[in-house]
Amino acid sequence: MSLAEQALSYVRAISPYQPGKPITELAREMGIPVDSIVKLASNENPLGMSPKAREAVEKAISGVERYPDQFDLIAKVAGRAGVAQSQVVLGNGSNDVLDLIARVFLAPGRSAVFAQHAFAVYPLATLSTGAELIATPAKNYGHDLAAMRAAIRPDTRIVWIANPNNPTGNFLPYADVRAFLESVPKEVIVVLDEAYNEYIPPAERVDTAGWLKEFPNLVICRTFSKIYGLAGLRVGYALASLEVADLMNRVRQPFNVNNLALAGALAALDDHEFLNASYELNRNGMAQIVAALERLKLEYIPSYGNFVTFRAGDGAAVNQKLLKQGVIVRPIGGYGLPEWLRVTIGTERENARFIEALEKAL
Ligand SMILES: *Cc1c(COP(=O)(O)O)cnc(C)c1O
């Protein structure tokens, strides 16, 4: 009998996550220099990390012989969100937090609801517990909240919502999300993943943390991987009711966020100059890429994130032609969108490289 046959059948059934292609991998494959490659595949911050965060990380290197202390980052996150410190759960990236929620509430015989074309980690987190995944059809490539509400069964414990969604960039009006929270049974956890929250125009942004008082079944997830530019450090967090946060902390590895990540995240929260620059760069870059897509008469999904998804025709073929020119974007056939490609907004020069390569590829 093979070892695979000894494994849990629901683990064997999981299809592996496909990350964006690393620059170094394309360089090896195509024999092109690393410096000539443009990677717009993983929604990373094209400005790099905040200088303040870099300084803090460098300082924290002396101290890595000690186990980390999460206190300062939790205190700052709680203060900013206006919640109690015991309502904050830190994660090794927000993916870690998604996993913690799944481990607390899911198991074989239970189910979770998510939307077609929603973030790939929701199926992973769900299926790794042996719970059943209920996928509802997308509406205009985004979440259909009415269909999601209707899909909730007595054994459903979690509903996963990404707002904005990755990889489609769709944004649900806050009023709709609130109405959804009001409509779901109180014992169903609603995970509101706001990884791209900081890219939403401030005038349109609503402070969802303020909803936690009313909805103890709400769990909000945020990350330092996107606008804060710390994807490689791995740090994110959940805001939850005291009861749910306490449960999540019971299954959390005590030292799940390392010293460098804690220091970097703490400093990044205060680097308003860097955050504003990142926000502005994204706005301008989005306009630059969208204008090119319109000029090329390519359909795209209006996006509230730091990326935009467009219909390339044969997504795999266009992707190959982009790779040959040293441009890495994200094919999303695995999301059920084989004709589409997702491109992360880069610097003006990176965007121009992408546009030029795309024109050649079409
Ligand atoms: C990028 C992303 C995250 C963040 O993942 P990390 O583990 O924090 O790097 C979470 N949710 C969505 C929808 C994302 O696109």
Side-chain angles (χ1 to χ4, degrees), residues 17-20 22 39-46 48-49 53 73 77 88-103 112 114-126 128 135 138 141-143 158-172 177 190-200 208 219-240 248 252-253 256-258 260-262 264-265 268-269 278 282 301 303-309 329-332 334-335 337 340-345:
Y17 181 77
Q18 293 174 338
K39 184 188 177 207
L40 300 173
S42 301
N43 301 345
E44 295 146 345
N45 190 327
M49 74 194 288
L73 183 57
V77 166
V88 178
V89 181
L90 297 187
N92 190 251
S94 60
N95 279 253
D96 184 28
V97 164
L98 299 173
D99 226 33
L100 298 180
I101 304 163
R103 283 168 58 203
F114 97 123
Q116 182 188 22
H117 314 318
F119 188 44
V121 173
Y122 311 144
L124 281 179
T126 301
S128 67
Y141 304 102
H143 297 55
I158 294 178
V159 178
W160 304 104
I161 296 175
N163 203 33
N165 184 42
N166 172 20
T168 60
N170 295 77
F171 181 67
L172 294 163
V177 178
V190 176
V191 176
L192 185 58
D193 182 350
E194 298 187 324
Y196 302 95
N197 184 51
E198 300 82 1
Y199 290 108
I200 297 166
T208 51
V219 181
I220 298 162
C221 300
R222 301 205 185 129
T223 182
F224 289 94
S225 296
K226 303 288 157 58
I227 205 164
Y228 293 100
L230 302 178
L233 278 181
R234 313 303 304 128
V235 50
Y237 61 90
L239 306 174
M248 289 171 66
R252 184 178 61 76
Q253 290 184 31
N256 61 334
V257 184
N258 69 67
L260 304 187
L262 290 169
L269 277 173
S278 301
N282 187 62
I301 306 168
S303 170
Y304 275 74
N306 63 342
F307 58 89
V308 60
T309 291
V329 299
R330 189 66 155 270
I332 48 174
Y335 283 91
L337 295 165
W340 299 72
L341 294 173
R342 188 194 72 193
V343 60
T344 300
I345 308 305

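Each ligand, and each atom within it, is numbered from 1 in the order the structure gives.
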Ligand-residue contact atoms, ligand 1 with [X], heavy atoms, under 4.0 Å:
{"X": "Asn166", "value": "13 (C), 14 (C), 15 (O)"}
{"X": "Tyr196", "value": "1 (C), 14 (C), 15 (O)"}
{"X": "Arg234", "value": "6 (P), 7 (O), 9 (O)"}
{"X": "Ala195", "value": "2 (C), 3 (C), 10 (C), 11 (N), 12 (C), 14 (C)"}
{"X": "Lys226", "value": "1 (C), 2 (C), 3 (C), 4 (C), 14 (C), 15 (O)"}

Please verify whether a non-hydrogen atom of Gly236 lies at under 4.0 Å from ligand 1. no

In terms of the angle between their ring planes, are Phe224 and Tyr237 parallel, tilted or perpendicular, with boundaries placed at 30° and 60°? tilted

Nearest to atom 5 (O) of ligand 1 by heavy atom, Asn95, Leu230, Thr223: which? Asn95

When you measure from atom 13 (C) of ligand 1 to each heavy atom in Asp99, Asp96, Asp193, Leu98, which option holds the nearest one? Asp193

Tell me whether the centres of the aromatic rings in Tyr196 and Phe307 are closer together than 6.0 Å. yes

Does the ring centre of Tyr335 sit less than 6.0 Å away from the ring centre of Trp340? no

Which pair of non-hydrogen atoms, one from Val235 and one from Ala265, has the smallest distance, and what is that distance? CG1-CB, 4.0 Å

Side-chain donor-acceptor pair present, Asn166, Arg342, cut-off under 3.5 Å: yes

